[in-house]
Amino acid sequence: MTGELLPHPGTGELFASPVPPGSGWPGDPADAQTPVARSAADVVAMAADAKNLLEIDARISVCRACPRLVDWREQAAETKRASFADQPYWGRPVTGFGADFSKLLIMGLAPAANGGNRTGRMFTGDQAGDWLFRALHRAGLAMNAEVEYAGDGQKLFGVRMLSAVRCAPPENKPSTEERDCCAGWLDAEFARLLPFARAVVALGSFGWDATLGAVRRAGGTVPTPKPKFGHGEVAVLSTADGKPINVIGCYHPSQQNTFTGRLTEKMLDDVLSRAQELAGLGWACGGSGR
């Protein structure tokens, strides 16, 4: 942790990088007493023992179970990108963001080193997140089109964002062991979200596989042969109690995809429109879709 304290871009309050739990960062679910997972076994035990979604979020946000990811996220928080050198970095695992009783889930890969790892909020602070939030706003599922930092007033309606891995990985590539370790948190979160969710937008093949795996581990049914990822493809899965849940594939809004035209705004809008329909969400912030 760096000794230099820098002002939060929204509140102006001073923070170290990484941000200590319970120090006042907007939306921080943890405090100094939140138990810290230091192994895959700890993750499973602490996730299972959590009483509610907020407690899961708190424990996720202080996890130190994957040494390589801990080193990388904290190194990024301490060295900083030059354009953000005047800001503190969250530098901790990033929790889900959005409504607790969501009909639509959006599954990503992992936070970006200078995006969510900096802002402390899922899909905030990088180009991919900008694309996604603008599309959600156009669909009436997000309060604001522009997002900058935790505490900027952004709200989602009937939607929750989450990711398969909660720490920023080197080169955006978590290892198989890191993915499997983080699955303990994902499974606990999914167990509380699946009773309400009707559809999942899976960003990229990694998000697709993570979603299918989480539903299967929750006792649900995945068709055989395993549905293949594709942009706009829909797979109909079943939860443990037999409720259908639709998984819609979407190319990840990474710069590699958006700069090359592999993913356009219309393509993203079309996927979200289909997801709204399958999830039973109406248009307009705070309207019938909430």
Side-chain angles (χ1 to χ4, degrees), residues 96-109 115 121-124 126-147 153-164 190 193-212 214-215 220 222-223 227-239 243-290:
F97 174 67
D100 291 351
F101 307 103
S102 299
K103 293 183 178 180
L104 175 61
L105 307 179
I106 299 178
M107 176 72 78
L109 166 59
R121 190 173 65 190
M122 190 75 65
F123 288 110
T124 302
D126 60 13
Q127 184 268 347
D130 292 345
W131 264 66
L132 186 55
F133 275 114
R134 285 197 298 267
L136 287 167
H137 181 70
R138 289 193 296 270
L141 299 175
M143 178 73 76
N144 303 315
E146 303 299 326
V147 294
Q154 180 66 290
K155 294 182 180 179
L156 299 180
F157 301 100
V159 178
R160 184 174 175 90
M161 298 171 162
L162 55 160
S163 62
F190 245 63
L193 296 172
L194 279 179
F196 312 99
R198 297 183 185 177
V200 182
V201 172
L203 300 178
S205 59
F206 199 104
W208 179 271
D209 288 344
T211 302
L212 269 56
V215 171
V222 176
K228 294 183 178 180
F229 170 78
H231 183 83
E233 292 294 321
V234 177
V236 182
L237 283 56
S238 297
T239 61
K243 183 189 74 174
I245 182 163
N246 298 276
V247 182
I248 307 101
C250 181
Y251 291 144
H252 194 286
S254 64
Q255 291 186 2
Q256 181 179 359
N257 287 335
T258 59
F259 283 7
T260 61
R262 189 184 191 207
L263 179 67
T264 65
E265 288 189 339
K266 183 179 185 304
M267 291 169 65
L268 183 53
D269 288 346
D270 287 347
V271 164
L272 288 179
S273 177
R274 179 63 170 148
Q276 278 182 276
E277 177 186 354
L278 293 171
L281 287 170
W283 195 93
C285 296
S288 61
R290 192 162 62 171

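Predicted, not measured: the structure shown is a model, and the values here were computed from it. The chain is numbered in sequence order, starting from 1.
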If we ignore hydrogens and angles and just use 3.5 Å, is the side chain of Thr260 paired with the main-chain N or O of Asn257 as donor and acceptor?
yes
Does atom NZ of Lys155 have more than 12 heavy-atom neighbours, drawn from other residues, nucleotides or ligands, at distances under 6.0 Å?
no
Is there a side-chain contact between Met267 and Tyr251 (heavy atoms, below 4.5 Å)?
yes
Hey, what do you get for CZ (Phe157) to NZ (Lys103), rounding to the nearest 0.5 Å?
14.5 Å
Checking Phe123 against Trp131 for the side-chain contact (heavy atoms from CB on, under 4.5 Å) test, could you report, in this order, the C-alpha distance in whole Å, the side-chain angles of both residues, the deciding distance, and whether it holds?
CA-CA 9 Å; Phe123 288 110; Trp131 264 66; over 6 Å; no
Answer yes or no: is there a donor N or O on one side and an acceptor on the other, between the side chain of Thr258 and the main chain of Ser254, under 3.5 Å?
yes
Has Gln127 got more than 12 heavy atoms of other residues, nucleotides or ligands less than 6.0 Å from its CD?
yes
CD1 on Ile106 to CG on Leu272, rounded to 0.5 Å
6.0 Å
Could you pull out the closest heavy-atom pair between Val271 and Cys250, with the gap in Å?
CG1-CB, 3.9 Å
What I'd like to find out is whether the side chain of Val215 reaches to under 4.5 Å of the side chain of Thr239, using heavy atoms alone.
no
Roughly how far apart are Arg134 CZ and Glu146 CD, rounded to 0.5 Å?
6.0 Å
Mind checking the CG-OG spacing from Leu281 to Ser273? Nearest 0.5 Å is all I need.
11.0 Å
Take Leu278 and Val234 through the side-chain contact (heavy atoms from CB on, under 4.5 Å) test and state the conclusion after the steps.
CA-CA 10 Å; Leu278 293 171; Val234 177; 4.2 Å; yes
Pairs under 3.5 angstrom only: tabulate donor-acceptor contacts from the side chains of residues 193-210 to other protein residues two or more places apart or in another chain.
from	atom 1	to	atom 2	distance (Å)
Trp208	NE1	Pro227	O	3.0
Asp209	OD1	Lys226	NZ	2.8

List the residues meeting salt bridge (charged side-chain N to carboxylate O under 4.0 Å, His left out) with Glu277, not counting sequence neighbours, and say none if there are none.
Arg274
Give the intermediate values and the outcome of side-chain contact (heavy atoms from CB on, under 4.5 Å) for residues Leu132 and Met161.
CA-CA 10 Å; Leu132 186 55; Met161 298 171 162; 3.8 Å; yes
Closest approach of Ala142 to Leu156 (non-hydrogen atoms, all atoms of both residues)
CB-CD2, 3.7 Å
Locate the shortest heavy-atom distance separating Ser238 from Ile245; write the atom from each residue and the value.
N-CG2, 4.4 Å
When you look at His231 and Asp270, which way does the side-chain contact (heavy atoms from CB on, under 4.5 Å) test go after all the steps?
CA-CA 10 Å; His231 183 83; Asp270 287 347; over 6 Å; no
Can you name the closest pair of heavy atoms from Gln154 and Val147 and give their distance?
NE2-CG1, 3.0 Å
Taking only residues two or more places apart in sequence, or in another chain, which ones meet Thr124 in a side chain to side chain donor-acceptor pair (under 3.5 Å)?
Arg121
Minimum-distance pair of heavy atoms, taken over all atoms of Leu104 and Ala279:
CB-CB, 4.1 Å
Could you give the distance from CD1 (Ile248) to CD (Gln276), rounded to the nearest 0.5 Å?
10.5 Å
